[in-house]
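Just below is one structure, and these are the notes that go with it.
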Amino acid sequence: MKDLIDALAADRTLPRDELIFLLKNHENEGLLEYLRYISDSVRRTYYSNKIFIRGLIEFSNYCRCGCRYCGINACNKNVLRYRLGKEEILASCRTGYGLGFRTFVLQGGEDVVMDKEMPDIVASIKENYPDCAVTLSLGERSRDYYQELFDAGADRFLLRHETADKEHYVKLHPKGQTLENRIRCLYDLKDIGYQVGSGFMVGSPYQTLENLADDLIFLKELGPHMIGIGPFIPHHDTEFANYPAGSLKLTLFLLGMLRLMHPNALLPSTTALATLSEQGRSLGIQMGANVIMPNLSPDNASTNYQLYDNKLITGSEAAKNLESLKKKMNEIGFEIVTDRGDTKHL
Ligand code: SF4
């Protein structure tokens, strides 16, 4: 099976049946160890031992969507909803800049009330911090609106496709939310000129290994700059409350495969991975991830931005504790850098 890992590293892709075969063997410790060794060396070719940090600002937990897996979906009446104002967002950027962040990620639900203000917020961040990148993660919108945000100065956009299988997509989302529109958004964003990020949950309800192979194939076709994957973790107020969380091993295995398929991509070791396991963050980095997104949101905001249960918001997850995160990364041989952290091309 190691020859398949070698082939994936050399060709950056494999036929679908071979991807599935590898995924079926994700619990094989020897194979996982070999994948870790190869994916780490591929990452070092492009990014050395550098880890990029992004300051996450969760600007609103209002959302018009009903994604069945998400704790802040529109149907959940138990959420204490909030929106940050422009000044609060700029204050978070100010704090983050002082700490060394050179990318700000503005993430929120699909909150159309903030749409009018958002281009001005983006422009103000770029005016105050011209050496920083602004990443947006605010869901599905019209091409014209994406263009307006890009013209205001936004550099990057994160929009996970979640699953590339139409039938699986329908099981995770209510009527009216379609895979077609999600994909339309991703290609519009690319076409406009954003650095685009996509990705999926590992272990979401009804997901099969075949679905995951199709996710890998879809991402290969899309060619995103950033790829975010993390384990599914249930939220108690959703209809998937009693479904099991995704597997740590499978998530790590997929991270390694993605590093081989996208050698120069920016891959976060996600908060969901850190929530699933105390060692999750470090294991993700050792598996080829090279981005961490500590939380810069005001405390009361991150407390109410719960996409899944027990989301970590303290310790190394909080931007203010950056020094402890740096120390943790140093202990495993990596270095956090003050840099916009754009995609490297060799
Ligand atoms: S996953 Fe995103 S779009 Fe879906 S309900 Fe949650 S915040 Fe809204």
Side-chain angles (χ1 to χ4, degrees), residues 56-84 89 105-115 118 135-142 145-146 149 156-166 168-186 188-189 196-207 211 215 224 226-241 243 245-246 268 270-273 275 293 295 297 301-311 313:
L56 180 65
I57 303 169
E58 293 154 330
F59 66 84
S60 169
N61 69 353
Y62 282 89
C63 188
R64 63 181 172 180
C65 298
C67 308
R68 296 193 169 113
Y69 45 83
C70 177
I72 62 167
N73 76 49
C75 315
N76 188 358
K77 302 295 175 226
N78 297 326
V79 180
L80 193 61
R81 304 280 172 177
Y82 72 88
R83 284 186 185 100
L84 299 184
I89 293 172
V105 181
L106 269 53
Q107 184 172 72
E110 290 196 14
D111 180 3
V112 286
V113 172
M114 282 197 71
D115 280 4
M118 195 48 80
T135 304
L136 298 175
S137 176
L138 43 79
E140 296 180 12
R141 293 295 199 282
S142 68
Y145 187 58
Y146 287 148
L149 292 165
R156 307 176 184 143
F157 203 104
L158 307 178
L159 183 67
R160 286 183 174 190
H161 70 282
E162 297 301 3
T163 174
D165 182 275
K166 218 169 164 178
H168 187 212
Y169 200 91
V170 167
K171 287 178 180 161
L172 299 180
H173 300 94
K175 218 171 161 193
Q177 288 180 237
T178 65
L179 180 58
E180 286 82 356
N181 197 48
R182 184 62 59 113
I183 292 174
R184 188 272 303 162
C185 289
L186 284 164
D188 277 352
L189 290 161
V196 172
S198 197
F200 54 89
M201 286 176 293
V202 179
S204 59
Y206 309 109
Q207 186 182 64
N211 291 152
D215 289 326
M226 302 161 282
I227 302 173
I229 67 165
F232 162 76
I233 299 177
H235 185 284
H236 62 278
D237 275 331
T238 65
E239 59 190 275
F240 294 148
Y243 280 74
T270 57
T271 302
L273 199 52
T275 301
M293 293 168 55
N295 205 314
S297 313
S302 46
T303 304
N304 292 307
Y305 200 89
Q306 294 282 334
L307 306 185
Y308 48 83
D309 283 342
N310 305 317
K311 187 185 97 174
I313 52 172

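Order of listing sets the numbers, starting from 1, for every ligand and every atom in it.
Between Asp165 and Thr163, the side chains place no donor N or O within less than 3.5 Å of an acceptor N or O (distance only, hydrogens not considered).
Look at Glu180 and Lys166 and you find a salt bridge, because one of the NZ, NE, NH1 or NH2 atoms lies within 4.0 Å of a carboxylate O, short of that distance.
In summary, Cys67 places no N/O/S atom under 2.8 Å from atom 6 (Fe) of ligand 1, failing the contact criterion. Atom 8 (Fe) of ligand 1 has no N, O or S atom of Cys65 under 2.8 Å away, backbone or side chain.
Each of the atoms 5 (S) of ligand 1 lies under 4.0 Å from some heavy atom of Asn73. Remark: ligand 1 atoms within the under-4.0 Å shell around heavy atoms of Gly109 are 7 (S). Every atom of ligand 1 with a heavy atom of Ile72 under 4.0 Å away is listed here by number and element: 7 (S).
Given atom 6 (Fe) of ligand 1, the protein heavy atom at minimum distance is Cys70 SG, 2.3 Å.
In summary, the aromatic rings of Phe232 and Tyr243 are positioned with their centroids too far apart to meet the 6.0 Å limit. A distance of 6.0 Å or more separates the ring centres of His235 and Phe240.
Applying salt bridge (Lys or Arg N to Asp or Glu O under 4.0 Å) to Asp115 and the options Arg83, Arg141, Arg64 leaves one that passes, Arg141. Residue Asp215 forms a side chain to side chain donor-acceptor pair (under 3.5 Å) with just one option from Arg160, His161, His168, and that option is His161.
Shown here, atom 2 (Fe) of ligand 1 is out of close reach of the protein: none of its heavy atoms lies under 4.0 Å off.
The residue from Cys75, Cys63, Ser137 that puts a heavy atom closest to atom 8 (Fe) of ligand 1 is Cys63.
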